[in-house]
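The block underneath contains the structure these notes are about, expressed in structure tokens.
Lettering follows sequence order; numbering is per chain, from 1.
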Number of protein chains: 2
Amino acid sequence: MKPDKVSPLYKKVTDDLRAQIEKGIYQKGELLPSENDLCKTYNTTRVTVRQALSGLTNLGYITRRHGKGSIVTEPKVGLGILSLSGVTAGVGSQNLSTSILQKQVKQDWPLDFFFPLNEGELKHDCIYFTRLRRINDIPVLYEETYISNINLPGFISKGLENLSLFKILRESYNIEVKEGEQKIWAILGDKTISDLLDIKKSHPILHMKRKLKTNIQDLNIYSSLYCNTEEHFLQDYF
Amino acid sequence: MKPDKVSPLYKKVTDDLRAQIEKGIYQKGELLPSENDLCKTYNTTRVTVRQALSGLTNLGYITRRHGKGSIVTEPKVGLGILSLSGVTAGVGSQNLSTSILQKQVKQDWPLDFFFPLNEGELKHDCIYFTRLRRINDIPVLYEETYISNINLPGFISKGLENLSLFKILRESYNIEVKEGEQKIWAILGDKTISDLLDIKKSHPILHMKRKLKTNIQDLNIYSSLYCNTEEHFLQDYF
DNA sequence: GGTTTCATCTTGTATATACAAGTTGTTTTT
DNA sequence: AAAAACAACTTGTATATACAAGATGAAACC
């Protein structure tokens with residue numbers, strides 16, 4: 001274990017409430033305990049509780065209503081990170097499967113990397129893996145991911161099948177995605193991509209390159225994504 | 001004029017600082033006055049000043065560094081709203097022009113509208129307009145926009161050439177975009193779109209449908225966008 | 001019965017204060 | 001000259017308190 005500095009109280013409140021929302025203890029549409037109730041529970045004052053609730057608001061877990069309370073809402077899908085949806089209805093998670101094509105490996109950054117890297121990043125190597133997501137067993141999204149290999153012991157051997165990359169980073173390494181940028185094109189896929197996604201070569205493909213910054217200096221998550229949007233689309237709440 | 005309830009002090013601080021950043025009084029990379037300086041300027045306390053600075057952080061105008069100060073940064077491009085960039089370098093604003101194809105008109109909501117509308121929205125009609133954005137005189141982005149016609153006197157006759165839709169809404173009507181969702185596809189354009197964007201029919205086009213919610217109940221901004229991503233891409237900071 | 005008033009809950013805004021902790025440049029020490 | 005200590009700045013976290021204002025249901029009134 002490491003320094004393990006005491007984390008601030010407001011963060012504990014945020015984490016507790018977030019965990020409870022994710023466990024379903026507080027359901028969508030319900031109200032959280034009032035600020036004064038939370039003050040009593042955590043033996044603190046409203047300024048601190050409001051700091052915690054403000055964080056949950058930014059993350060999209062709640063919306064706040066003057067005179068009413070904190071209403072549990074759908075969390076924003078990871079800060080503007082596009083998620084996958086069916087064209088008609090939403091895709092039930094039982095229909096969505098993820099398989100690892102290239103398991104996590106440590107390697108040098110590619111020389112022709114698609115985002116400029118700073119000195120701090122180049123001092124470390126990176127962890128690389130690729131995934132293919134299927135909806136009803138039909139391949140829809142191919143994803144290549146690169147993460148700066150900074151203080152990520154054991155990450156190589158974690159299972160990434162369950163879309164839980166961000167959860168793993170948060171819960172195992174205390175890493176939070178803070179902000180990022182993404183670039184989007186419509187392209188015609190080359191043979192490799194078209195084969196992976198099992199489509200005709202003439203079909204348009206949505207291509208995206210993403211950089212996600214975290215609360216750790218120089219630890220960024222880069223992805224290159226290819227999506228078949230014939231039957232589905234990418235969706236984004238922010 | 002209307003009720004005009006006194007706006008809170010923290011909001012005045014936010015607005016003042018934002019205006020000064022946009023005017024260039026504080027340049028990118030510089031530090032804002034310290035919290036204690038702002039306390040003296042506005043004759044208030046740190047809790048209030050921090051509330052203002054927290055708002056600016058959320059809007060992306062500044063990032064804060066413990067022990068250092070509030071560093072002016074590029075503002076997030078309107079809450080995850082995609083902006084247009086050149087593939088190689090950024091597009092200088094002198095190369096970007098916007099023309100109105102269909103000037104703002106009041107009309108009923110289309111019957112087959114691409115987002116579900118709630119009762120409150122259906123009680124009003126909508127304002128509709130279309131724009132075409134060109135980079136170096138080459139058409140790149142075609143945009144159809146619908147806005148709920150709620151308390152927008154004079155909006156019909158405003159000029160929308162300068163990409164300043166959000167600025168007009170904020171400064172003339174006190175409307176802030178809060179959150180939204182967008183759906184993205186790669187498609188092959190039909191004849192209408194391909195002609196507008198002046199491309200071959202077989203070329204892939206990026207298609208996006210967007211809903212932006214504001215701080216005004218039932219006042220939402222809907223857009224349908226078509227982008228030629230052969231020479232440019234859509235970019236998104238969040 | 002229907003309306004108004006009121007009490008009581010909620011969150012929003014604000015003041016005043018304190019100490020912890022990161023950053024930076026200066027001073028002192030070695 | 002290099003290193004350590006210090007001072008003076010910064011933001012981060014936290015307590016205690018107060019009143020304003022929105023939401024809601026009960027009580028009083030007509």
*Listed by chain and number, what are the side chain to side chain donor-acceptor pair (under 3.5 Å) partners of A:Glu176, not counting sequence neighbours?*
A:Arg18

_Whole-Å gap separating C1' (C:dT10) and CG (A:Asp37)_ = 10 Å

*Residues that A:Lys158 engages under salt bridge (charged side-chain N to carboxylate O under 4.0 Å, His left out), provided they are two or more places apart*: none

*Rounded to whole angstroms, how far apart are CD on B:Glu35 and P on D:dT11?*
4 Å

Taking distance alone, no hydrogens or angles, what donor-acceptor pairs closer than 3.5 Å link side-chain atoms of residues 47-55 of chain B to residues at least two apart or in another chain?
| unit_1 | atom_1 | unit_2 | atom_2 | d |
| --- | --- | --- | --- | --- |
| B:Arg50 | NH1 | B:Glu35 | OE2 | 2.8 |

*Between C:dT8 (P) and A:Asn36 (CG): distance, integer Å*: 15 Å

*Whole-Å distance between C:dC19 P and A:Leu9 CG?*
19 Å

*Could you check how far CZ of B:Arg65 sits from C1' of D:dC9, rounded to whole Å?*
15 Å

*Between atom CG in A:Leu32 and atom C1' in C:dT11, what is the gap in whole Å?*
13 Å

_Those residues of residues 40-55 of chain B lying under 4.0 Å from DNA chain D by at least one heavy atom_ = B:Arg46, B:Arg50

*Touch check for A:Leu31, heavy atoms < 4.0 angstrom, all strands: base, sugar-phosphate only, or nothing?*
nothing

*Round to the nearest Å and state the distance from B:His66 atom NE2 to C:dG22 atom C1'.*
5 Å

*Can you sort out the partners of A:His207 under ring-ring contact (aromatic ring centres under 6.0 Å, His included), two or more places apart, ordered by chain and number?*
A:Trp185, A:Tyr226

*asked:* Taking A:Glu143 first and then A:Arg131, would you say they form a salt bridge - that is, a charged N and a carboxylate O separated by under 4.0 Å?
replied: yes

*B:Asp218: what forms a side chain to side chain contact (heavy atoms under 4.5 Å, CB included) with it, not counting sequence neighbours?*
B:Asn118, B:Glu121, B:Ile150

*In whole angstrom, what separates B:Ile71's CD1 from C:dT24's P?*
10 Å

_Given the ring of B:Tyr146, does B:Lys211 sit roughly above its face, with NZ or CZ under 6.0 Å from the centre of the six-membered ring and within 45° of the axis?_
no

*Footprint string (nucleotides 3-8 of chain D, 5' to 3'): B base within contact, S backbone only, - free, heavy atoms under 4.0 Å*: ------

*Scan residues 102-114 of chain B for pairs that pass side chain to side chain donor-acceptor pair (under 3.5 Å), counting only residues two or more places apart or in two chains.*
none

*Relative to the 5' end of DNA chain D, which residue comes earlier, A:Lys11 or A:Lys68, by the nucleotide with the nearest heavy atom?*
A:Lys11

_Partners meeting salt bridge (charged side-chain N to carboxylate O under 4.0 Å, His left out) with B:Lys12 (sequence neighbours left out)_ = B:Asp16

